[in-house]
K.L.:
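Quick one: the structure is below, questions incoming.
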Protein chains: 2
Amino acid sequence: MITIKEIAKLANVSPGTVDRVIHNRDGVSEKTADRIKVILKEHNFKVNRIAQSLAMKKKYTIAVLLPHYDEEDSFWKAPLEGIEKAKEEVRSFGVVVETFSFDQKNSSSYIKSFEQLLKTKPQGVVLVPTFKQETRRLTNILLQENIPFVFLNIALSGYGNLSFIGQDSFKSGYLSGKLMQLCLNEGDDILTIHSRSNLSNFNNISQRTKGFDCYFKENGLKNTNHYIEIEDFWDTKKVKVSIEMALKSIPKIRGIFVPNSRSYIIADHINDYRDKVPFLIGFDLTEHNAQALVDDRITFLISQKPFQQGYRAINSLSKFLLYSTPPATEILSSIEIVTKENIPDYRQKEHAIFL
Amino acid sequence: MITIKEIAKLANVSPGTVDRVIHNRDGVSEKTADRIKVILKEHNFKVNRIAQSLAMKKKYTIAVLLPHYDEEDSFWKAPLEGIEKAKEEVRSFGVVVETFSFDQKNSSSYIKSFEQLLKTKPQGVVLVPTFKQETRRLTNILLQENIPFVFLNIALSGYGNLSFIGQDSFKSGYLSGKLMQLCLNEGDDILTIHSRSNLSNFNNISQRTKGFDCYFKENGLKNTNHYIEIEDFWDTKKVKVSIEMALKSIPKIRGIFVPNSRSYIIADHINDYRDKVPFLIGFDLTEHNAQALVDDRITFLISQKPFQQGYRAINSLSKFLLYSTPPATEILSSIEIVTKENIPDYRQKEHAIFL
DNA sequence: CTGAAAGCGCTTACAG
DNA sequence: CTGAAAGCGCTTACAG
């Protein structure tokens, strides 16, 4: 690997001048610039990124705002871990990551945490835009202050975000439809179970449902899909009653579709109906769900690689700040089909990365 | 982030001494060492990896030996791309990657390329151990010369390799069994198609077959699995004749299992039998296979993330050389289920990484 | 046992 | 328009 110093010697100039040419800074005569460019190309010069980082000694702060996780719904644990991992890696490059969390069910905690976040004077922001209206207010502030921001996991459009990092929820629903169909026979019915209390993740969930239905429609399939909505998945008794009512009144149901991350709760309640309803498709590889999968109480889980999503949000924003390379408008994580047989080995910590 | 210089000031010593303590080099009195350690801990000091790399200015060469790919079997393209990607990233850290390829069907080309490889005086080697006996010879040389090496994609044990980067083939076969079962009804039969010409990848393929059979055995399923072996997948006529013979003589066959990366060839030949044999499970997301999947001629492909495998081989070996952190003995890539509906978007180039 | 100095490859004021 | 010098955070001979 040829260095700037060596190029400089070959061109009979100083390293500073070579640097100016490499970065198209002005203040170099066209003549010398051209001469240097030729030599650069000739020797296939590439800047040494780590020396560059060290010399630039710029400090950036990226602030992250995401829902906190709890026992009932630990979905947000994985993205946070991805963020922590990335945080470690970008540290040496002078990027500091500050994380703030809020309550998914409480929009004012969203606003409040955002205000805290602003105090860190971030040069970039990662946002899980849970509440539409409030997000409009927040992003307007960011736009005004000229702080670039990306959306994580929830795709809202028209807010001026640099990028969206997440999954294509419609497609993942569509895929679930396919898997369900492979399991079912022609005359079988399906039960889709919604949760009322999940309004904050409304976007993803409604897209999944649409995708699911679309699969059956597009392929001219005749399985009927019945919907029930449960007020609160955490209210064990009500859940049980609702499900039993549905299953008893519609005996043709052989598959259940739960378009949110709490299919394990449903799985708990249909143990008595296993023979009649052998198939259950849910979303997200949380610990509870994984356990239900391993225990054969869930057939398929669709995962969206939340660890990677968190990692990539930090990663792409860091690249943008450090090297001005804008990320793709959409960074879509792959739609993973997880079964008991290919569930990832968690002893092997995720480690896609360098450093 | 606190720096060595600052620590030194706090401890009233020179940066050199702090450095010695950080890396447990001797030549520091216990007293000062202890004092410095306290301060280090107190301030949660972490070395700046990039400054470290720059200062160490060590140069390492990693040499890679893998099969080249061709039109018939482009499997090895993806690992190579992963390697190239990693190569770019480790460059700034002073690691140079040299790639050598050989003909999978020709063991002497394996030896020859290895000899070329040795000339680069590598400090680490990535090997796809295609031929057992020859591999014994080569690895003995590496062991003698004290050059650490990892196996990529093919798991041989007892050769003294630092790590294996690849997939659990048995498990992936087992998973295929599950998927096949979900597609089939009770009385249906299965046809497994082997390729004689694929001896060099024998290990992975036989493990897949074993896993597949094991699924049916373990779950007490009664679907019969019939085997045929085709001399050469490339001989179109013979392939067609063999398959037709099997399908005609065993009308109960409803699913086909192809435990190698050329299921697309089989898919080409059963178009006339689609209604009778709707399900085909194959391996590896090569371009041809992907096309067959999109065209509904393959039901499931099991992918092993070959890009990542290549990337991680370089990545983990680099970490070992740079920081002496030994990789896990087995770095297993996830077993991906790919269908028409979740086939990755190739416009989005893979980019798990930083820099 | 310890420190001062030079250097890794680049960037950035500053001086001319 | 160009160069010389200092510095990023660390490591490494070398001197004492």
Side-chain angles (χ1 to χ4, degrees), chain A residues 1-37 39-40 43-60 89-96 321-324 355, chain B residues 1-37 39-40 43-60 89-96 321-324 355:
Chain A
M1 278 200 26
I2 195 155
T3 68
I4 285 191
K5 227 205 284 189
E6 294 170 310
I7 298 281
K9 200 166 287 172
L10 289 172
N12 276 316
V13 293
S14 75
T17 303
V18 176
D19 185 73
R20 285 175 195 114
V21 172
I22 289 169
H23 301 290
N24 296 311
R25 291 190 252 279
D26 45 355
V28 183
S29 77
E30 214 174 307
K31 216 178 95 191
T32 40
D34 285 347
R35 182 157 42 98
I36 293 172
K37 275 178 192 160
I39 300 178
L40 246 21
H43 293 266
N44 188 26
F45 174 86
K46 301 246 169 75
V47 292
N48 182 325
R49 289 289 200 194
I50 72 173
Q52 184 181 45
S53 288
L54 195 58
M56 298 222 285
K57 58 190 164 187
K58 287 228 177 102
K59 300 291 174 210
Y60 296 103
E89 297 194 7
V90 298
R91 198 174 40 83
S92 292
F93 292 86
V95 180
V96 172
L321 294 174
L322 290 167
Y323 313 130
S324 309
L355 272 178
Chain B
M1 277 200 26
I2 194 156
T3 68
I4 285 191
K5 228 204 280 188
E6 294 169 308
I7 297 280
K9 202 167 284 173
L10 289 171
N12 274 318
V13 293
S14 74
T17 302
V18 176
D19 185 73
R20 284 173 197 116
V21 172
I22 289 169
H23 300 289
N24 295 311
R25 292 189 253 277
D26 45 355
V28 183
S29 76
E30 216 173 306
K31 215 179 94 191
T32 40
D34 285 346
R35 182 158 40 99
I36 293 172
K37 275 177 193 160
I39 301 178
L40 246 20
H43 292 267
N44 188 26
F45 175 85
K46 299 246 169 78
V47 292
N48 182 324
R49 288 290 201 194
I50 72 173
Q52 184 181 45
S53 288
L54 196 58
M56 298 221 286
K57 57 190 162 186
K58 287 230 177 100
K59 299 292 174 210
Y60 295 103
E89 296 192 8
V90 297
R91 199 174 39 84
S92 292
F93 291 86
V95 179
V96 172
L321 295 174
L322 290 168
Y323 312 130
S324 309
L355 274 178

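Side chains included, hydrogens not; waters and symmetry mates left out as well; all remaining heavy atoms used. Each chain gets a letter, A, B and so on, in the order the sequences are listed, and its residues count up from 1.
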K.L.:
Which value, rounded to the nearest 0.5 Å, describes the distance between B:K37 atom NZ and B:N24 atom CG?
P.N.:
6.0 Å

K.L.:
Can you see if the side chain of B:S14 gets near the phosphate of C:dT2 - specifically, an N or O under 4.0 Å from OP1 or OP2?
P.N.:
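False: B:S14 side-chain N/O out of range (4.0 Å or more) of C:dT2 OP1/OP2.
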
K.L.:
Going from OG1 on A:T17 to CD1 on A:I4, what distance comes out if it is rounded to the nearest 0.5 angstrom?
P.N.:
10.5 Å

K.L.:
Just how far, in rounded Å, is C1' of C:dT2 from NZ of B:K31?
P.N.:
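Rounded to whole Å, this separation is 13 Å.
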
K.L.:
Looking at C:dT2, I'd like to know if its phosphate oxygens (OP1 or OP2) sit under 4.0 Å from a side-chain N or O belonging to B:T17.
P.N.:
no

K.L.:
Nearest whole Å is fine: how far is C:dG7 P from B:L54 CG?
P.N.:
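Rounding to the nearest Å, CG of B:L54 and P of C:dG7 are 14 Å apart.
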
K.L.:
Rounded to whole angstroms, how far apart are CE on A:M56 and C1' on C:dT12?
P.N.:
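Atom-to-atom, A:M56 to C:dT12, this comes out as 11 Å.
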
K.L.:
Nearest-Å distance, CZ (B:R25) to P (C:dT2)?
P.N.:
15 Å

K.L.:
With nearest nucleotides of DNA chain C determined for B:V28 and A:G16 from heavy-atom distances, which residue corresponds to the more 5′ nucleotide?
P.N.:
B:V28

K.L.:
Starting at CD of B:Q52 and ending at P of C:dG9, how long is that distance when rounded to a whole Å?
P.N.:
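To the nearest whole Å, that distance equals 16 Å.
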
K.L.:
With a 4.0 Å cutoff (strictly under), does any side-chain N or O of B:T32 reach OP1 or OP2 of C:dC1?
P.N.:
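No, outside the criterion.
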
K.L.:
Would you say A:Y60's side chain and A:L321's backbone share a donor-acceptor pair under 3.5 angstrom?
P.N.:
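Confirmed, A:Y60 side chain pairs with A:L321 backbone.
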
K.L.:
May I ask you to verify if any side-chain N or O of B:S92 is less than 4.0 angstrom from the OP1 or OP2 atom of C:dG9?
P.N.:
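For C:dG9, OP1/OP2 do not have a side-chain N/O of B:S92 under 4.0 Å.
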
K.L.:
Return the pairing partner of D:dC14 with a 3.5 Å limit on both distances, Watson-Crick or G-U wobble; otherwise return none.
P.N.:
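D:dC14 is paired with C:dG3.
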
K.L.:
Would A:R49 count as a cation-pi partner of A:Y323, with NZ or CZ less than 6.0 Å from the six-membered ring centre and within 45° of the ring normal?
P.N.:
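Yes, A:R49 sits over the ring of A:Y323.
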
K.L.:
Counting side-chain heavy atoms from CB outward, which of C:dC8, C:dG9, D:dT2 is closest to B:A55?
P.N.:
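Nearest to the side chain of B:A55 among the choices is C:dC8.
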
K.L.:
Between atom CD1 in B:I50 and atom P in D:dG9, what is the gap in whole Å?
P.N.:
10 Å

K.L.:
What distance separates B:I50 CD1 from A:Q52 CD, expressed to the nearest 0.5 Å?
P.N.:
9.5 Å

K.L.:
Expressed in angstrom and rounded to an integer, what is the separation of B:I4 atom CD1 from C:dT2 atom C1'?
P.N.:
15 Å

K.L.:
Counting any heavy atom closer than 4.0 Å, what does A:S53 reach on the DNA or RNA strands: base, sugar-phosphate only, or nothing?
P.N.:
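Nothing, no nucleic acid heavy atom in range.
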
K.L.:
How long is the gap from CG on A:N48 to CG on B:L54, to the nearest 0.5 Å?
P.N.:
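So the CG of A:N48 and the CG of B:L54 are separated by 6.5 Å.
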
K.L.:
With respect to the side chain of B:F45, which nucleotide from D:dT12, D:dC1, D:dC10 is positioned closest?
P.N.:
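In terms of side-chain proximity for B:F45, the closest of D:dT12, D:dC1, D:dC10 is D:dC10.
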
K.L.:
So if I take every side-chain heavy atom of B:T3 and compare against D:dG3, D:dC10, C:dG3, which nucleotide ends up nearest?
P.N.:
D:dC10

K.L.:
Return the nearest nucleotide to the side chain of B:K59; candidates are C:dG9, D:dT2, C:dT2.
P.N.:
C:dG9

K.L.:
If you find the nucleotide of DNA chain D closest to B:V47 and the one closest to A:V13, which residue's nucleotide is nearer the 5' end?
P.N.:
A:V13

K.L.:
In this structure, how many angstroms lie between the C1' atom of D:dA4 and the NZ atom of A:K5, rounded?
P.N.:
13 Å

K.L.:
Output the single nucleotide from D:dC8, D:dC14, D:dT2 whose closest atom is nearest the side chain of A:R20.
P.N.:
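So the nucleotide nearest the side chain must be D:dT2.
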
